[in-house]
Amino acid sequence: MSGSLIIAGLGPGAAQLITPEVTAALNEATDLIGYAPYVARVTERDGLTRHGSDNREELDRASHALRLAAQGRRVVVVSSGDPGVFAMAAAVFEAVDAGDPSWRELDIQVLPGISAMFAAAARIGAPLGHDFCAINLSDNLKPWDLVERRLRLAAQAGFVIALYNPLSKARPWQLGRALDLLREELPGQVPVIFASAISDAREAIDTVPLAEAIAERADMRTLVMIGSTQTKLIARANGKPFVYTPRSVGAAT
Ligand code: SAH
């Protein structure tokens with residue numbers, strides 16, 4: 001039997017945000033690999049072996065998946081959101097690049113998912129309507145100096161900025177530092193969106209001016225979006241404001 005490896009995105013949390021092609025791949029899989037809470041989102045069934053692992057073991061997990069696929073198994077590696085956004089797809093290709101040359105010949109496919117920034121943006125309006133970027137605030141895989149440089153340049157260039165992994169127990173100060181730095185670059189009224197547990201029962205989404213943004217509002221399941229000077233609020237009497245960024249901009253900001 002020839003094996004295969006699919007790297008699939010499970011979306012932000014809700015079952016109805018998993019694409020039909022990912023569902024089909026999960027139904028065909030013999031082995032499921034990923035960070036334990038994501039593996040737990042897939043229902044158990046006969047014929048499916050679930051291999052949950054710790055969050056920090058991405059390369060080991062990728063090599064494990066490749067070895068199983070090389071043995072003829074139908075392996076699905078799962079990530080939350082989209083597997084190509086700060087997730088397992090790049091880890092698998094790093095392992096292919098550095099690993100056993102025969103792995104290059106395997107049947108490997110990436111199936112997209114709805115990334116947290118798209119799920120969060122859709123909940124509140126259209127904050128990503130103009131140019132934007134995504135920055136991973138974790139400094140596990142890059143020096144903090146580089147994060148600061150990218151934040152400053154992105155703010156200066158007028159991008160809306162989606163911040164993934166804003167903080168964790170091991171990284172308590174990074175988001176506070178990032179907000180302080182952004183306050184040096186942007187006006188205080190720029191909207192900041194804290195979108196937590198989007199599409200789950202615990203979903204919470206708040207928009208505050210940058211001047212009042214407090215890092216403690218965020219946790220590990222929060223996506224933070226920093227608006228540009230063009231990002232606007234549409235106030236509503238009976239609900240949260242819509243937040244959007246117009247598609248066009250005149251002079252450089
Ligand atoms: N591949 C994932 C991102 C993995 S990094 C994707 O495309 O969404 C993990 C980070 O994603 C979290 O720290 C948080 O910033 C964000 N995130 C994941 N799920 C989320 C959700 N349901 N609501 C808000 N943010 C989420």
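We're numbering straight along the sequence, starting at 1. The basis for the numbers below is simple: all heavy atoms, side chains too, and nothing from hydrogens, waters or symmetry mates.
- Other members of the cluster containing Ile234 are Phe242, Tyr244, with ILVMFWY side chains joined at under 4.5 Å, either directly or via other members.
- Take Glu184 and apply the salt bridge (charged side-chain N to carboxylate O under 4.0 Å, His left out) test, not counting sequence neighbours, and it matches Arg152.
- The closest donor-acceptor contact from the side chain of His51 to the backbone of Leu32 lies at 3.5 Å or more, if one exists at all.
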Which side-chain N or O atoms in residues 18-29 pair as donor and acceptor under 3.5 Å with protein atoms at least two apart or in another chain?
{"from": "Thr19", "atom 1": "OG1", "to": "Val22", "atom 2": "N", "distance (Å)": "3.2"}
{"from": "Thr23", "atom 1": "OG1", "to": "Thr19", "atom 2": "O", "distance (Å)": "3.2"}
{"from": "Asn27", "atom 1": "ND2", "to": "Thr23", "atom 2": "O", "distance (Å)": "3.4"}

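- The side-chain hydrogen bond (donor to acceptor under 3.5 Å, both in side chains) test applied to Ser248 returns no partner, not counting sequence neighbours.
- Under the rule for a side-chain hydrogen bond (donor to acceptor under 3.5 Å, both in side chains), the partners of Glu148 that lie at least two apart in sequence or sit in another chain are Trp144, Arg177.
- Proximity of Val243 to Thr231: side-chain heavy atoms (C-beta onward) are separated by under 4.5 Å at one or more points.
- Applying the side-chain contact (heavy atoms from CB on, under 4.5 Å) test to Tyr164 and every residue at least two apart in sequence or in another chain returns Val85, Phe86, Ser115, Ala116, Met117, Ala134, Ala162, Leu223.
- Checked against side-chain contact (heavy atoms from CB on, under 4.5 Å), Ser80 has the following partners two or more places apart in sequence or in another chain: Tyr38, Arg41.
- Partners of Glu105 under the side-chain hydrogen bond (donor to acceptor under 3.5 Å, both in side chains) rule, at least two apart in sequence or in another chain, do not exist in this structure.
- With sequence neighbours excluded, the residues satisfying side-chain hydrogen bond (donor to acceptor under 3.5 Å, both in side chains) with Asp139 are Gln174.
- Contacts classified as side chain to side chain donor-acceptor pair (under 3.5 Å) and involving residues 84-100 (residues at least two apart or in different chains) are given here: Asp100-Ser102.
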Please output the side-chain donor-acceptor pairs of residues 191-209 that fall under 3.5 Å, not counting sequence neighbours, one pair per line with the distance.
{"from": "Ser196", "atom 1": "OG", "to": "Arg217", "atom 2": "NH1", "distance (Å)": "2.9"}
{"from": "Ser196", "atom 1": "OG", "to": "Thr222", "atom 2": "OG1", "distance (Å)": "2.8"}
{"from": "Ser199", "atom 1": "OG", "to": "Gly13", "atom 2": "N", "distance (Å)": "3.4"}
{"from": "Ser199", "atom 1": "OG", "to": "Ala14", "atom 2": "N", "distance (Å)": "2.9"}
{"from": "Asp200", "atom 1": "OD2", "to": "Arg221", "atom 2": "NH1", "distance (Å)": "2.6"}
{"from": "Glu203", "atom 1": "OE1", "to": "Arg123", "atom 2": "NE", "distance (Å)": "3.0"}
{"from": "Glu203", "atom 1": "OE1", "to": "Arg123", "atom 2": "NH2", "distance (Å)": "3.1"}
{"from": "Glu203", "atom 1": "OE1", "to": "Ser199", "atom 2": "N", "distance (Å)": "2.7"}
{"from": "Glu203", "atom 1": "OE2", "to": "Arg123", "atom 2": "NE", "distance (Å)": "2.7"}
{"from": "Asp206", "atom 1": "OD2", "to": "Arg217", "atom 2": "NE", "distance (Å)": "2.6"}
{"from": "Asp206", "atom 1": "OD2", "to": "Arg217", "atom 2": "NH2", "distance (Å)": "2.9"}

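- Clustering of Ile, Leu, Val, Met, Phe, Trp and Tyr by side-chain heavy atoms under 4.5 Å joins Ile108 with Leu5, Ile7, Ile33, Leu66, Leu68, Val75, Val77, Met88, Val92, Phe93, Val96, Trp103, Leu106, Val110.
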